[in-house]
Amino acid sequence: MRPESIALGDLRVRRLGFGAMRVCGPQVWGWPKDRANALAVLRRAYDLGHNFFDTSDAYGPQVNETQIAAALHPYPKDLVIATKGGLLRPSAPRWDRCGRPQHLRRALEGSLKRLRLERIDLYQLHAPDPKVPLAESIGALAELQRAGKIRHIGVSNVSAAQLAAARRVAPIVSVQNQYNLGDRSSEGVLRACEKAKIAFLPWYPLGAGAALRAAKLKQVAARLRATPAQVALAWLLARSPVMLPIPGTHSLAHLEENAAAAELRLTAEDIAMLD
Ligand SMILES: NC(=O)c1ccc[n+]([C@@H]2O[C@H](COP(=O)([O-])OP(=O)(O)OC[C@H]3O[C@@H](n4cnc5c(N)ncnc54)[C@H](OP(=O)(O)O)[C@@H]3O)[C@@H](O)[C@H]2O)c1
């Protein structure tokens, strides 16, 4: 039996989450032209059963968190919002790492304000900063957790060794790394999450759309009368019980299509073909 939900510390969420980044403007910068559509996608995502949303202060930047609050505040009781800090966006193409404790403390205050929360359920270090010891960045998040501003800490874009180092500083409930049918470079980190019984959030679960062109995927989709995106997501859900995919879209039609993947079951034969 495939588990329908997953634990994030003391929280439980349904296993198909929603990545909110795509409702920003082009290049994840500013608002999109159709602002009403962005808010409608966020509301519909919750109505379709996604009760785990992933965002970051870097998306927009700041815009994505504001959009989530505009669409869904006051939040339904079961909605878990995960955000991240540790990246700077001085211009649209730049995603500069900044893991200094002082920056993370300031970033968290900004996220709390924009999301209209007193505590963030899951706060993730967006990426380790090579100029700052990881223990210092995670240590700053642990302090904020002790101060009651963070419920659970997660990490993103880490190696298995960095995950182990982070776990020596504070309890870590999740890892968010790139992973999909066509890119399994984080397989070792996924296995480390299984061993530690913590959630693995694959970003680019659809390979940003590109993974959907694979011939095998199309073949399995045709056999199941499903779409390639649905099969790609069902494959992730079947791949590991700790997998919590966060597909993103700015399209209501794609949102409906992707949400239905939670119900799709692949046979052993389908999985063998995709593996
Ligand atoms: N931690 C990190 O460093 C990091 C990096 C990147 C992303 N993320 C997180 O991961 C989430 C997911 O990543 P992502 O949005 O970049 O990648 P993704 O979910 O793999 O792909 C989204 C792209 O695929 C398209 N798409 C979605 N559903 C589709 C469907 N059913 N059929 C065809 N195309 C479809 C979307 O276009 P349309 O909008 O036209 O549907 C969009 O361009 C983000 O929202 C964000 O929360 C984290």
Side-chain angles (χ1 to χ4, degrees), residues 16-29 32-34 37-38 40-42 44-45 48 50 52-61 63-65 67-68 80-89 94-99 111 122-129 154-159 162-163 174-186 189 199-214 217-218 221 226-237 243-262 264:
L16 197 51
F18 179 68
M21 180 183 89
R22 296 277 168 185
V23 304
C24 293
Q27 287 188 276
V28 197
W29 191 260
K33 262 198 197 133
D34 189 348
N37 177 70
V41 167
L42 292 167
R44 185 76 185 129
L48 284 169
H50 299 295
F52 177 78
F53 278 37
D54 179 70
T55 182
S56 167
D57 65 348
Y59 301 160
V63 168
N64 204 213
E65 292 177 332
Q67 291 171 317
I68 290 175
V80 172
I81 299 170
T83 192
K84 316 183 199 77
L87 290 186
L88 298 172
R89 300 287 308 280
R94 282 179 56 188
W95 299 79
D96 299 352
R97 296 183 183 210
C98 183
S111 292
L122 175 60
Y123 195 78
Q124 305 155 97
L125 180 65
H126 208 141
D129 179 348
V155 290
S156 179
N157 299 303
V158 291
S159 65
Q162 286 169 325
L163 169 61
S174 66
V175 173
Q176 184 174 147
N177 275 15
Q178 183 168 355
Y179 188 89
N180 57 54
L181 259 170
D183 178 353
R184 306 186 199 175
S185 48
S186 279
V189 181
F200 181 86
L201 285 58
W203 63 261
Y204 273 4
L206 305 170
L212 307 180
R213 290 193 287 272
L217 193 61
K218 285 185 182 167
T227 67
Q230 289 169 335
V231 174
L233 294 171
W235 177 81
L236 283 169
L237 290 170
M243 193 78 80
L244 171 53
I246 45 169
T249 180
H250 79 294
S251 141
L252 281 166
H254 283 164
L255 181 68
E256 304 269 346
E257 178 185 328
N258 298 348
L264 183 67

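All ligand and atom numbering here is 1-based and tracks the order in the structure. Note that the structure is a prediction, hence the values are computed from the model and not measured.
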**Student:** Please check: side-chain N/O of N180 versus main-chain N/O of A232, any donor-acceptor pairing under 3.5 Å?
**Tutor:** no
**Student:** Would you name the heavy atoms of A229 and L212 that are closest together and state the gap between them?
**Tutor:** CA-CD2, 3.6 Å
**Student:** Test of understanding: with side-chain contact (heavy atoms from CB on, under 4.5 Å), list the residues that count as partners of V63, not counting sequence neighbours.
**Tutor:** W31, Q67
**Student:** Taking atom types as modelled, find out whether Q124 and S156 have a side-chain donor-acceptor pair closer than 3.5 angstrom.
**Tutor:** no
**Student:** If the criterion is any heavy atom closer than 4.0 Å to an atom of ligand 1, which residues make the list?
**Tutor:** G19, A20, M21, R22, D54, Y59, K84, H126, S156, N157, Q176, W203, Y204, P205, L206, G207, A208, G209, L212, A229, I246, P247, G248, T249, H250, S251, H254, E257, N258
**Student:** Between side-chain atoms of residues 199-206 and protein atoms elsewhere (two or more places apart, or another chain), which donor-acceptor pairs fall under 3.5 Å?
**Tutor:**
| residue | atom | partner | partner atom | Å |
| --- | --- | --- | --- | --- |
| W203 | NE1 | N157 | OD1 | 3.0 |

**Student:** Looking at residues at least two apart in the chain, or sitting in another chain, which of them share a side-chain contact (heavy atoms from CB on, under 4.5 Å) with A221?
**Tutor:** P228, V231
